[in-house]
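Have a look at the structure below before the remarks.
What you see below is based on every heavy atom in this structure, not just the backbone, and it leaves out hydrogens, waters and symmetry mates. Predicted model only: the values in this text are computed from it and were never measured. Quick note on labels: first sequence line is chain A, next is B, and so on, each numbered from 1.
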There are 2 protein chains.
Amino acid sequence: MTVQPEQMTPQSGPAGGKARSVYLSLRGEISSGTYAPGATLPSEAKLAAAHDVSRVTVRRALAALSDEGLVETRGGAGTRVTGGTGGVPLSADIALPHLFQMGRETTARLLSFSYVAPPAPVAAALDLPAGARVQRATRIRLSEGRPFSHLTTYVPEEISSHYDETDLAQSPLLQLLERSGTRIEAAAQSVTATAATPDVAEALGVTLGAPLLSLTRTVRDAGGRGVEYLSALYVPELFRLDMTLSRVRDGGEGHWRPVIGEGA
Amino acid sequence: MTVQPEQMTPQSGPAGGKARSVYLSLRGEISSGTYAPGATLPSEAKLAAAHDVSRVTVRRALAALSDEGLVETRGGAGTRVTGGTGGVPLSADIALPHLFQMGRETTARLLSFSYVAPPAPVAAALDLPAGARVQRATRIRLSEGRPFSHLTTYVPEEISSHYDETDLAQSPLLQLLERSGTRIEAAAQSVTATAATPDVAEALGVTLGAPLLSLTRTVRDAGGRGVEYLSALYVPELFRLDMTLSRVRDGGEGHWRPVIGEGA
DNA sequence: AAAATCTGTCCTTTCCATAGGACAGGTTTT
DNA sequence: AAAACCTGTCCTATGGAAAGGACAGATTTT
């Protein structure tokens with residue numbers, strides 16, 4: 001018999017209601033270090049009293065945590081926090097957002113590929129005239145077999161004609177664009193968080209409404225024309241965006257300057 | 001009678017179950033531009049059929065969207081997407097993450113202030129010896145009266161002795177540290193997403209489990225010693241992290257270089 | 001004016017989350 | 001060995017979420 005590495009489901013948890021409340025509360029206290037690895041949680045009865053819920057509800061929350069491997073509960077004795085928080089997430093430096101050659105394998109899978117009328121935000125970001133069409137491709141990136149990122153790219157039709165579906169499944173989009181003569185110059189990124197919609201949740205293997213790191217990027221060429229609009233969603237348990245800053249003293253409040261080299 | 005600006009509750013929505021599914025699905029299609037502002041949504045019957053739920057459930061989802069001001073439903077006619085998505089979020093450039101002088105007022109409120117034993121992650125990040133104590137302060141930042149950020153800072157006890165509780169309520173922490181002689185040099189940031197725990201959800205006026213942008217920063221002085229550990233949570237509807245990048249061609253895959261000046 | 005379509009409302013029924021309690025059996029402490 | 005404590009399991013009862021259907025009234029289209 002072969003021992004399989006535990007396939008952990010990130011961000012499962014109860015759907016809603018009090019069980020979710022207790023679950024989130026405990027998960028927060030574990031990851032913030034209030035309950036250190038190895039420590040024993042309060043008994044189910046005490047947790048029930050503390051959160052003002054029934055023991056059934058506490059057990060649901062604990063079961064969810066146990067499923068994710070965050071805690072280990074031994075019958076008779078208490079419930080203990082396991083050591084590993086579940087593997088170190090991929091960490092992308094801000095300067096190299098799409099190179100993951102940190103010893104870890106990432107593969108891509110093309111989910112959909114079509115030419116459509118651009119949604120309003122995309123048309124606005126790329127300065128597209130009314131009636132223009134774009135190529136839309138949705139891809140999933142996997143690390144160690146687990147999907148950690150959901151990418152949707154929009155490229156104006158004229159530019160996208162230099163490559164096809166099979167190219168896209170293999171090479172990064174920017175590489176394809178540069179190979180076909182587009183001189184990529186600048187990009188504007190915006191980072192936020194969003195809740196997983198049903199389609200994304202299914203594709204990423206995540207609970208409905210689970211928090212995701214959201215990154216939208218508009219890429220422009222030397223002429224200032226928009227060549228790519230990217231909407232990326234990352235599973236936070238598996239992906240971080242890192243950056244190193246150095247302080248600039250300028251008399252007043254001071255500000256930060258990003259450091260270019262390797263992040264960590 | 002005075003017209004009040006609509007105070008919008010971000011990320012309310014049904015707690016769990018199918019109503020939440022429909023709610024998230026529609027909200028995604030609205031913000032992604034599939035349903036443009038002014039357009040009429042499919043009828044409740046059609047939405048029920050499309051999502052394979054009952055009309056009651058669809059109505060729950062629509063009611064939530066209507067509460068947030070995303071849609072407007074006129075009896076007899078359909079439900080239309082309203083124009084304003086609800087105000088432009090604060091946008092912080094990565095180089096100036098804590099200056100929000102973009103014409104908008106932000107105020108702070110001190111929630112808690114105490115000296116505690118550092119949680120394991122904090123002790124590790126700041127290289128604290130066992131038994132060391134830190135000052136922990138939790139603050140809320142508000143923009144236009146709405147809380148948009150939840151900050152918890154940890155500062156080693158020796159360093160924190162140069163200022164007190166009232167200083168903290170007024171000035172940014174880094175300024176206080178610099179004023180007292182600490183030479184701040186570098187910082188490492190990590191950005192992800194998290195779900196709102198009960199305490200944070202209440203402080204920010206957000207639903208339990210709502211997605212939040214999470215930023216953790218470790219600040220070091222010239223000697224490489226950790227002087228501050230910051231854990232910041234932002235409401236995504238009210239806050240974005242922006243950055244401008246310029247492309248560097250280096251023969252191979254190419255990478256990005258952050259631009260220092262103003263972001264947008 | 002008539003027909004089609006849509007929202008607003010009310011109804012009953014089913015299913016699941018939760019509360020609250022009881023008891024067996026394992027584990028730790030005394 | 002005994003006592004205290006804990007988890008595992010089973011029970012009943014209740015409330016809310018959801019399904020599914022029906023009808024009134026408003027709006028739009030024909």
Please report the distance, rounded to the nearest Å, between [atom1] in [X] and [atom2] in [N].
| X | N | atom1 | atom2 | value |
| --- | --- | --- | --- | --- |
| A/Glu72 | D/dG8 | CD | P | 12 Å |
| B/Glu44 | C/dT9 | CD | C1' | 11 Å |
| B/Leu47 | C/dC6 | CG | C1' | 12 Å |
| A/Arg60 | C/dT18 | CZ | C1' | 7 Å |
| A/Leu41 | D/dT7 | CG | C1' | 13 Å |
| B/His51 | D/dA18 | NE2 | C1' | 16 Å |
| B/Arg20 | D/dA18 | CZ | P | 12 Å |

Could you tell me whether the side chain of [Y] reaches within less than 4.5 Å of the side chain of [X], counting heavy atoms only?
| X | Y | result |
| --- | --- | --- |
| B/Tyr115 | B/Ser160 | yes |
| B/Val58 | B/His51 | no |
| A/Leu126 | A/Thr218 | yes |
| B/Pro211 | A/Thr194 | no |

inquiry  = I'd like to know if A/Arg55 reaches the base of D/dG8 with its side chain, counting only an N/O donor and acceptor under 3.5 Å.
reply    = yes
Counting only side-chain N and O atoms of [X], is one of them less than 4.0 Å from OP1 or OP2 of [N]?
| X | N | value |
| --- | --- | --- |
| A/Arg59 | D/dG8 | yes |
| B/Ser54 | D/dG21 | no |
| B/Lys46 | C/dC6 | yes |

So which nucleotide from [options] ends up closest to the side chain of [X]?
| X | options | value |
| --- | --- | --- |
| A/Ala77 | C/dT28, D/dA19, C/dA19 | C/dT28 |
| A/Thr73 | C/dT7, D/dT27, D/dG8 | D/dG8 |
| A/Val56 | C/dT27, C/dG20, D/dA18 | C/dG20 |
| B/Thr57 | D/dA19, C/dA19, D/dT7 | D/dA19 |

message = Please give me the minimum heavy-atom distance between A/Thr197 and B/Leu24, naming the atom from each residue.
response = CG2-O, 3.5 Å
note = Assign each of B/Ala45 and A/Val58 the nucleotide of DNA chain C bearing its closest heavy atom; nearer the 5' end lies the nucleotide of B/Ala45
request  = Answer with base, sugar-phosphate or nothing: what part of the nucleic acid does B/Arg74 contact at a heavy-atom distance below 4.0 Å?
outcome  = sugar-phosphate
